[in-house]
Amino acid sequence: MPFEITHATAPAPGGVNEAAVVTGPRFAIVLDGATATGATTGCAHDVTWYVEQLAGRLCAQLLTQGPAHLREILRTALTALVGRHGRTCDMTNADSPSATVAVVRERSGSLDVLVLDHSPVALHRTNGAILFRSDGHRRCGGRAEGSSPTRRDCGR
């Protein structure tokens with residue numbers, strides 16, 4: 001299943017770019033820093049470091065773990081990152097560096113999609129319709145804030 005991936009990232013005005021985009025032969029990953037600017041994180045690393053480290057671990061997992069579920073791939077990447085990150089950081093601090101995650105992977109002619117927090121995925125179908133996937137914190141077709149995960153066709 002051929003697909004085209006385009007992306008662009010930019011920092012918030014006056015800030016640094018805390019986003020990362022990684023693509024592979026059958027996947028795309030988008031991460032964005034989720035820690036409030038200026039928060040006391042209790043950590044030696046900044047959010048950009050955290051995003052880059054998680055992006056690298058997710059990419060490695062997607063390239064080597066075959067058909068494993070995306071949730072398991074994310075869990076493995078996060079566990080490895082916490083193992084390294086946790087030695088120099090207070091992982092009990094609610095403001096410890098964090099990131100949103102969106103992953104799309106082609107597998108056996110279909111797409112697997114995983115969304116964590118506010119990085120939604122929009123898939124433009126060949127018929128012009130748009131398939132929107134979010135974790136429920138955004139609105140799509142009337143779904144309320146904070147509702148359960150959604151897979152909704154927001155076609156034209």
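Taken from CG in D117 to OG in S134, the straight-line distance is 10.5 Å, to the nearest 0.5 Å. Distance check: F27 CZ to L111 CG gives 14.0 Å after rounding to the nearest 0.5 Å.
Smallest separation of non-hydrogen atoms from I29 and A55: CD1-O, 4.3 Å. In this structure, V47 and A34 approach most closely via the heavy-atom pair CG1-N, 4.3 Å. Taking both residues in full, the closest heavy atoms of A77 and L54 are given as CB-CD1, 4.0 Å, listed atom of the first, atom of the second, then distance. Of all non-hydrogen atoms in V121 and A102, the two that sit nearest each other are CG2-CB, 3.7 Å.
For T79, there are no side chain to side chain donor-acceptor pair (under 3.5 Å) partners, not counting sequence neighbours. Residues that satisfy the salt bridge (Lys or Arg N to Asp or Glu O under 4.0 Å) test with R75, not counting sequence neighbours, are E72. Residues meeting the side chain to side chain donor-acceptor pair (under 3.5 Å) test with T23, sequence neighbours left out: none. Listed by chain and number, the residues in a side chain to side chain contact (heavy atoms under 4.5 Å, CB included) with V16 are E18, T48 (sequence neighbours excluded). The salt bridge (Lys or Arg N to Asp or Glu O under 4.0 Å) search around R107 returns D112, not counting sequence neighbours. By the side chain to side chain donor-acceptor pair (under 3.5 Å) test, D46 is found to be paired with no residue, residues two or more places apart in sequence or in another chain being considered. Under the side chain to side chain donor-acceptor pair (under 3.5 Å) criterion, T35 pairs with S98, not counting sequence neighbours.
In the hydrophobic clustering (ILVMFWY side chains linked at under 4.5 Å, chained through shared members), V30 is joined by V21.
Each disulfide (SG to SG under 2.5 Å) pair with one or both residues in residues 65-102, not counting sequence neighbours, appears once here: C43-C89. Pairs of residues two or more places apart, or lying in two chains, that qualify as side-chain hydrogen bond (donor to acceptor under 3.5 Å, both in side chains) and include a residue from residues 5-14 are T9-N17. Residue pairs satisfying the ring-ring contact (aromatic ring centres under 6.0 Å, His included) criterion with at least one member in residues 48-67, sequence neighbours excluded, are listed as follows: H45-W49, W49-H85, Y50-H85.
Side chain of N93 to main chain of T40: a donor-acceptor pair is present (N/O by atom type, distance under 3.5 Å, no hydrogens or angles). The backbone N or O of A80 lies less than 3.5 Å from no partner atom in the side chain of R84, so there is not a single donor-acceptor pair.
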Pairs of donor and acceptor atoms involving the side chains of residues 56-66, under 3.5 Å and at least two apart or interchain, shall be tabulated with distances.
residue : atom : partner : partner atom : Å
R57     : NH1  : Q53     : O            : 3.4
R57     : NH1  : Q53     : OE1          : 2.9
T64     : OG1  : A60     : O            : 2.8

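In this structure, the side chains of R125 and I130 stay at 4.5 Å or more apart for every pair of heavy atoms. R105 places a side-chain heavy atom less than 4.5 Å from the side chain of I73. Contact of the L78 side chain with the T76 side chain is not registered, since no non-hydrogen atoms from C-beta on lie closer than 4.5 Å.
Checking L74, L70, L31, V103 one by one against L116, the side chain to side chain contact (heavy atoms under 4.5 Å, CB included) holds for a single residue, L74.
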